[in-house]
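Below, chains carry the letters A, B, ... as their sequence lines are ordered, and counting in each starts from 1.
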Amino acid sequence: MNKERKPKAVFIEGAISAEFIGNSIAKHQTKTTIGAHDIFLGQVRADIIDGKTIKAIEYTAYEEMANEKFHEIREATFKKFNLTCMHIYHSLGKVNAGEICLFVFVSSPRRVEVFNAIEYLVNTIKEQVPIFGKEIFEDQSHQWKVNS
Amino acid sequence: MKLTIKYFGMLAEITECTEETITFSEDTVSELLKMLLAKYPALEKKEFQVAQNQTLVSEDTQILNSEIVLLPPFAGG
């Protein structure tokens with residue numbers, strides 16, 4: 001499989017809606033070689049820090065490099081695992097607590113591949129893509145998100 | 001040479017700009033950082049990486065490009 005894939009758009013302005021995710025699943029009904037999907041959804045947590053609650057995260061990215069990285073990670077994941085298809089979406093701008101900011105979707109004929117691929121994919125995205133999160137508290141003060 | 005330096009996240013709060021143009025007459029990333037730390041002492045306490053041509057570079061990398069980017073810790077997801 002040396003098919004050249006074009007870079008796909010990853011960034012979405014604001015939260016990723018349940019409707020968008022549902023539609024994305026529905027689009028795969030015609031791809032009948034698929035026997036297993038796995039989906040990871042990252043949701044903004046209302047963490048309480050020093051008595052103040054996080055209300056939203058505002059995401060920014062060094063977009064040129066991020067898009068390049070997403071493309072590289074996609075290619076590497078296709079090489080490593082036997083996948084039929086793969087979709088990655090990440091929010092930019094403001095996402096409120098409880099809303100979805102990351103949607104990763106992999107499909108394969110068999111389940112083992114998707115379980116392994118999704119973990120690799122999500123971890124690599126968190127490690128390698130230059131995305132930054134400003135955690136905004138209820139009183140409008142903020143701190144910068146650090147991945148743990 | 002004229003360099004455009006871009007700052008993201010918490011780094012842009014320190015520099016109070018997301019982008020600026022500076023005149024650079026030295027050679028490596030480490031020399032550029034020395035210059036930027038002199039201008040913005042608060043950067044010293046921050047963790048960040050440097051990118052040139054959309055690739056992370058080390059301190060001994062030669063500056064070739066006119067655009068250098070300072071990136072704080074990644075926090076996607």
Asks: Is it the case that the side chain of Glu119(A) and the backbone of Asn116(A) share a donor-acceptor pair, with hydrogens and angles ignored and the cut-off at 3.5 Å?
Replies: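 Judged by distance alone, no pair lies under 3.5 Å.
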
Asks: Non-hydrogen atoms of chain B under 4.5 Å away: do they reach the side chain of Lys126(A), the backbone, both or neither?
Replies: both

Asks: Measuring centre to centre across the rings, with the benzene-like ring taken for any Trp, is Phe105(A) within less than 6.0 Å of His37(A)?
Replies: yes

Asks: Can you tell which part of Tyr59(A) gets under 4.5 Å to a heavy atom of chain B, answering side chain, backbone, both or neither?
Replies: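 For Tyr59(A), side-chain heavy atoms alone lie under 4.5 Å from chain B.
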
Asks: When you group the ILVMFWY residues by side-chain heavy-atom contacts below 4.5 Å and let the links chain together, are Val10(A) and Val122(A) in the same group?
Replies: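 They do share one cluster, since a chain of ILVMFWY contacts under 4.5 Å joins Val122(A) to Val10(A).
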
Asks: Parallel, tilted or perpendicular: which one describes the rings of His87(A) and Tyr89(A), with boundaries at 30° and 60°?
Replies: parallel

Asks: Kindly determine whether Ser141(A) and Lys52(A) satisfy side chain to side chain donor-acceptor pair (under 3.5 Å), including the steps that lead there.
Replies: CA-CA 9 Å; Ser141(A) 61; Lys52(A) 293 193 295 185; 2.8 Å; yes

Asks: Do Phe70(A) and Arg74(A) come close enough that some side-chain heavy atom pair is under 4.5 Å?
Replies: no

Asks: Does any backbone or side-chain atom of Gln128(A) lie under 4.5 Å from a heavy atom of chain B? Answer side chain, backbone, both or neither.
Replies: backbone

Asks: Which residues in residues 5-39 of chain B have any heavy atom closer than 4.5 Å to a heavy atom of chain A?
Replies: Lys6(B), Phe8(B), Gly9(B), Met10(B), Glu13(B)

Asks: Determine the option with the most heavy-atom pairs under 4.5 angstrom with chain B, choosing from Glu64(A), Glu127(A), Met65(A).
Replies: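 Answer, by heavy-atom pair count under 4.5 Å with chain B: Met65(A).
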
Asks: At a 4.5 Å cut-off on heavy atoms, which part of Ala66(A) comes close to chain B: side chain, backbone, both, or neither?
Replies: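 For Ala66(A), there is no contact with chain B at all, as no heavy atom is under 4.5 Å.
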
Asks: Less than 4.5 Å to any heavy atom of chain B: does that hold for the side chain of Ile131(A), its backbone, both, or neither?
Replies: both

Asks: Contact between Ser107(A) and His28(A) at the side-chain level, heavy atoms closer than 4.5 Å - yes or no?
Replies: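 Yes, side chains in contact.
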
Asks: Given a strict heavy-atom distance threshold of 4.5 Å, which part of Glu67(B) is in contact with chain A: side chain, backbone, both, or neither?
Replies: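 Just the side chain, heavy atoms under 4.5 Å.
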
Asks: Which region of Gln43(A), side chain (C-beta onward) or backbone (N, CA, C, O), has a non-hydrogen atom less than 4.5 Å from a non-hydrogen atom of chain B, or is it both or neither?
Replies: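 Nothing of Gln43(A), per the 4.5 Å heavy-atom cut-off to chain B.
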
Asks: Sequence neighbours left out, cut at 3.5 Å: what donor-acceptor pairs do the side chains of residues 13-23 of chain A make with other protein atoms?
Replies:
from     : atom 1 : to       : atom 2 : distance (Å)
Ser17(A) : OG     : Phe20(A) : N      : 3.0
Asn23(A) : ND2    : Glu19(A) : O      : 3.4

Asks: Using 30° and 60° as the class boundaries, would you call the ring planes of Phe74(B) and Phe132(A) parallel, tilted or perpendicular?
Replies: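 Phe74(B) vs Phe132(A) ring planes: perpendicular.
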
Asks: Please answer whether the main-chain N or O of Val57(B) pairs with a side-chain N or O of Thr61(B) as donor and acceptor at a distance below 3.5 Å.
Replies: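 No, because the side chain of Thr61(B) does not come within donor-acceptor range (under 3.5 Å) of the backbone of Val57(B).
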
Asks: So for Pro72(B), is it side chain, backbone, both, or neither that comes closer than 4.5 Å to the heavy atoms of chain A?
Replies: both

